[in-house]
There are 2 protein chains.
Amino acid sequence: MSPSHQNPIPAQKENKLPPWLSIYRTLKSEILTDELADDDRLPSEKQLCSRFSVTRMTVRRALDALQREGLVTARKGSGVYVNAKPTCYEINSGRRFIENVATHGYSVETKTLSVSRVSARADIAEKLGIKRGTRLVAIKRIRIIGGKPAFLNFKWMPAKRFPNFNKIYKINQSVSQVYGEHGIEEYHRVETRVSGGRATDDEARHLQLEVGAPLIRSQSLNSDSDGNRIEFSQGSWPLDSVEFIFPQD
Amino acid sequence: MSPSHQNPIPAQKENKLPPWLSIYRTLKSEILTDELADDDRLPSEKQLCSRFSVTRMTVRRALDALQREGLVTARKGSGVYVNAKPTCYEINSGRRFIENVATHGYSVETKTLSVSRVSARADIAEKLGIKRGTRLVAIKRIRIIGGKPAFLNFKWMPAKRFPNFNKIYKINQSVSQVYGEHGIEEYHRVETRVSGGRATDDEARHLQLEVGAPLIRSQSLNSDSDGNRIEFSQGSWPLDSVEFIFPQD
DNA sequence: CAGTGGTCTAGACCACATG
DNA sequence: ATGTGGTCTAGACCACTGG
């Protein structure tokens, strides 16, 4: 063995790209040009090693980058697979959720995970313009689009305003129907906020993600036609699955 | 040398935590409990190796996890530093960028990375309502807030509309001044879109993130007071650094 | 200059899935 | 049983920073 473990060919000094980066780019372009199609298995790490004349660690560095970008998924004992291109739902802030998604031809299913009474947390109380500790109706739901869990949703509403919430909601799990039965025919969006975050245990479980996986969260505040705030809603989406659209002016 | 390179103590089978994970958790708790304060330098990788009795690769696996979470930042040749708890900038869609951030008391610096002429890509042409291939002015900038790269920004504008772009922009790197000098006193936001994504090479380099790090991207379209679309703009933010606020109705 | 993180070689053992 | 990815050891050279 020579004293150096380095490549005996020290590579062109002009080519200053780290090997892992050029491997990454090569594989990425093969994925994006469909030389590697959706759900295809990549060559094994060992095969990639000999193809690119590097060790496994260098190949893995490139695969890690692809995986973080969501282009591939590694399955232990099986291989590394090309991910189907992420489905991205367009959420237009001017319309109701169901209209946003249904118009794109997806089947939407809503599963109510819980309906409960809680005391208002400080942040929610402030949004709704009520006192901290006021009784709220809290519902937790998961939206399933095309058979895949897509969206975890919490809503909080002043309980006093909706005495018959449970009875009416039970019928077809429609919040807007609850509103209608309580004399709220029209309501509108006051504000929407969009931010990033990392999946909590709860979010990860329901959305079938890893704990700490990147997310997009939306928060929105609705009021009735008299300007009374009636609902604060939060949603959590997998990072790559949604685009929010805000038409303005 | 023994035929095995493995640790001679094969570790308790009960403790099934991978070493890198327990190192990660140890360091994370030291950061979160302020044993390691903001801007502190962590012990060097070599020191951590001896502290935890592992090789550098194992330490680096743990540091990578911390870095992806945004808890620490590695500086080549210098060390690994604890990040100040993430600052989240509120971006209110009704106002200009500089107003959004400056009102929160941050210093904002803008660095123009390039100003060029390009042919309109199909997607940008569609947004701007022009033909594909039309000449555009493209600018690429990085916003530096409180000394840290915070926001990578691209803008595309029809070149024909701004014959003196370079000359005017050079003066104080102000796009709105370019607009003013070309007779556009007022312009307004037509639409904003917010979505998630993963850092490209370019984004990672400028925002000092890993390739594939989670991002929030915003796209916005501006038009002049006659409704002519004059600018398509895209921004990329580290996931945890921004909250978009959209007042509505 | 010495020290740091970034990258890489050349092996190894393990848990897991069944190409 | 074989092959896969997940993890690890024990070194090495490089570019960069100014601890």
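Source: prediction; values computed, not measured. All values below were derived from every heavy atom in this structure, side-chain atoms included, with hydrogens, water molecules and symmetry-related copies excluded.
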Original post:
Under 4.0 angstrom, heavy atoms only, what part of the nucleic acid is Ser78(B) near: base, sugar-phosphate, or nothing?
Top reply: base
**OP:** Could you tell me the separation between the CZ atom of Arg60(B) and the C1' atom of dG6(D), rounded to a whole number of Å?
**Re:** 18 Å
Donor-acceptor list for residues 56-63 of chain B side chains, cut-off 3.5 Å, not counting sequence neighbours:
| from | atom 1 | to | atom 2 | distance (Å) |
| --- | --- | --- | --- | --- |
| Arg56(B) | NE | Glu45(B) | OE1 | 2.8 |
| Arg56(B) | NH2 | Glu45(B) | OE1 | 3.0 |
| Arg60(B) | NH1 | Glu45(B) | OE2 | 2.9 |

**OP:** May I have the distance from Lys46(A) (atom NZ) to dG5(D) (atom P), rounded to whole angstrom?
**Re:** 10 Å
**OP:** Nearest-nucleotide wise, let me know which of Met57(A) and Tyr81(B) is further upstream toward the 5' end of DNA chain D.
**Re:** Met57(A)
Original post:
Tell me: NZ of Lys76(B) to P of dC14(D), nearest whole Å?
Top reply: 14 Å
Subject >> Glu126(B) atom CD: more than 12 heavy-atom contacts under 6.0 Å >> reply: no
Original post:
Base, sugar-phosphate alone, or nothing: which one does Thr55(B) contact when heavy atoms must sit under 4.0 Å apart?
Top reply: base
**OP:** Start with the C-alpha distance between Gln173(A) and Thr110(A), add both sets of side-chain angles, then the distance that settles side-chain hydrogen bond (donor to acceptor under 3.5 Å, both in side chains), and finish with yes or no.
**Re:** CA-CA 8 Å; Gln173(A) 308 205 333; Thr110(A) 301; 5.7 Å; no
Original post:
Between dT4(D), dG5(C), dT9(C), which nucleotide gets closest to the side-chain atoms of Arg41(A)?
Top reply: dT4(D)
Original post:
Can you tell me if Arg143(B) uses its side chain to pair, donor with acceptor, with the backbone of Asn153(B) under 3.5 Å?
Top reply: no
Original post:
Toward the 5' end of DNA chain C, which comes first, Gly77(A) or Leu21(A), by nearest nucleotide?
Top reply: Leu21(A)
**OP:** Looking at every strand, decide which applies to Arg56(B) at a 4.0 Å heavy-atom threshold: base, sugar-phosphate, or nothing.
**Re:** base
**OP:** Using whole Å, report how far CG of Leu63(B) lies from C1' of dT7(D).
**Re:** 16 Å
Subject >> Contact under 4.0 Å: Ser44(B) side-chain N or O vs dG3(C) OP1/OP2 >> reply: no
Original post:
Partners of Pro238(B) by side-chain contact (heavy atoms from CB on, under 4.5 Å), sequence neighbours excluded?
Top reply: Leu207(B), Leu209(B), Ser241(B)
**OP:** Rounded off to whole Å, could you give me the CZ-to-C1' distance for the Arg61(A) and dG5(C) pair?
**Re:** 12 Å
**OP:** Grab the CD-P distance between Glu45(B) and dA10(D) for me, whole Å please.
**Re:** 17 Å
Original post:
Quick one: Phe52(A) CZ to dA10(C) P, roughly how many Å, whole number?
Top reply: 17 Å
Original post:
Heavy atoms under 4.0 Å, any strand shown: does Arg75(B) hit a base, just sugar-phosphate, or nothing?
Top reply: sugar-phosphate
**OP:** Starting from C1' on dG19(C), measure out to CG on Asp39(A) and report it in whole angstrom.
**Re:** 14 Å
